[in-house]
Amino acid sequence: MAKSLISIHDFSKEEILHILEVAREFEQNKSQTFLSDKVIACIFFEPSTRTRLSFETASNRLGARVIGFPDAGNTSVRKGESLKDTIKMVSNYADLIVMRHPLEGSARYASEVASVPVINAGDGANQHPTQTLLDLYSIRETQGTLDNLTINMVGDLKYGRTVHSLLQAMSHFSPSYIFTAPEELKLPEEYKTFLQQNHIPYTETLDLNEYLQSTDILYMTRVQQERFTNPMEYEKVKNIYRLDAAMLKGVRDNLKVLHPLPRLTEIANDVDETPHAYYFKQAENGVYVRMAIIAYLLGKR
Ligand code: CP
């Protein structure tokens, strides 16, 4: 079976550090067209702006050609074709498949059916490993290290797949965590058990102001309406946090605000003008990191 990237656990610490090094090379030299004989399929069964377009940009900058769809509504999935058959077909057309799908576990299943590498571009509330790698890249670029940092994760820690992937990846680097969330969106027990087993300290709070002064990375997240089955539950928590520029007075100079985006109301626009805002550059970093991941899975680096 071809090597795929479905969960952040599919890459060792050494592989993660390798990807970050190669991504830096791509940032310094943005177009290296050594994949001109390759076709990359980007198949998205769920909406996306950054992940899909940055994968397409990464593929183009590597010289590959891109096929795929941004919405399965115009494909034979609408006629009832199964995920298995869809993946088998796309495997015949492309050298690598990038897939986003709403069902947890769908990306792993696709990798078992496909004859080419599969990259998980987000499977439900489960994992989003390429976002994690670009988050790690952004953390290292802004802090100069990945080691011994205090990461404060804010918002939807229950359904946030970027949170789940990142907290596991950072476990290689001795972090301390602060989890800022309301009762309804607290981090699931399975992730707390993971942290306990790996002796990683964490604190939980409801109050966004409580630990801002001792934070290195403030990882804001959107409350994801699409994950709620009960609309009333969403209404209760949708505006629970709002970071503004005044709240960042007196924080550590090195504090950077990250967000996988899109944002709604959780980061006020005046934060954009502070030296702590990094989320737009973070999204740009996704191109370089995804170039490195594609090249690595196709055995070119
Ligand atoms: N961060 C992220 O996954 O954004 P998109 O949903 O726009 O791809």
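What you are looking at is a predicted structure, and each value in this text was computed from that prediction instead of being measured. Note that ligands are numbered from 1 as they come in the structure, with each ligand's atoms numbered from 1 the same way. In this chain, residues are counted from 1 in sequence order.
- Of the N and O atoms on the side chains of Arg100 and His128, at least one donor lies less than 3.5 Å from an acceptor on the other residue.
- Nearest protein heavy-atom neighbour of atom 6 (O) of ligand 1: Arg100 NH1, 2.9 Å.
- Ring planes of Phe26 and Phe34: parallel class, angle under 30° (limits at 30 and 60°).
- Remark: the Gln28 side chain and the Tyr288 side chain contain no N/O donor-acceptor pair separated by less than 3.5 Å.
- The closest donor-acceptor contact from the side chain of His164 to the backbone of Ala125 lies under 3.5 Å.
- Each of Phe179, Tyr191, Tyr177 was scored for a ring-ring contact (aromatic ring centres under 6.0 Å, His included) with Tyr202, with one residue passing: Phe179.
- Considering only non-hydrogen protein atoms, atom 4 (O) of ligand 1 sits nearest to Arg50 NE, 3.1 Å.
- When only modelled atom types and interatomic distance are considered, Asn29 and Glu25 share no side-chain donor-acceptor pair under 3.5 Å.
- Residue Thr162 does not touch ligand 1, judged by heavy-atom distances below 4.0 Å.
- Applying the 4.0 Å criterion to heavy atoms of Pro260 picks out, from ligand 1, the atoms 1 (N), 2 (C).
- Close approach of ligand 1 to Thr51 is summarised as follows: ligand atoms under 4.0 Å from at least one heavy atom of the residue are 2 (C), 3 (O), 4 (O), 5 (P), 8 (O).
- Regarding atom 7 (O) of ligand 1, its nearest protein heavy-atom neighbour is Thr49 N, 2.8 Å.
- Heavy-atom proximity to Leu261, at under 4.0 Å, picks out these atoms of ligand 1: 1 (N), 2 (C), 4 (O).
- Under a 4.0 Å heavy-atom criterion, His128 is in contact with ligand 1.
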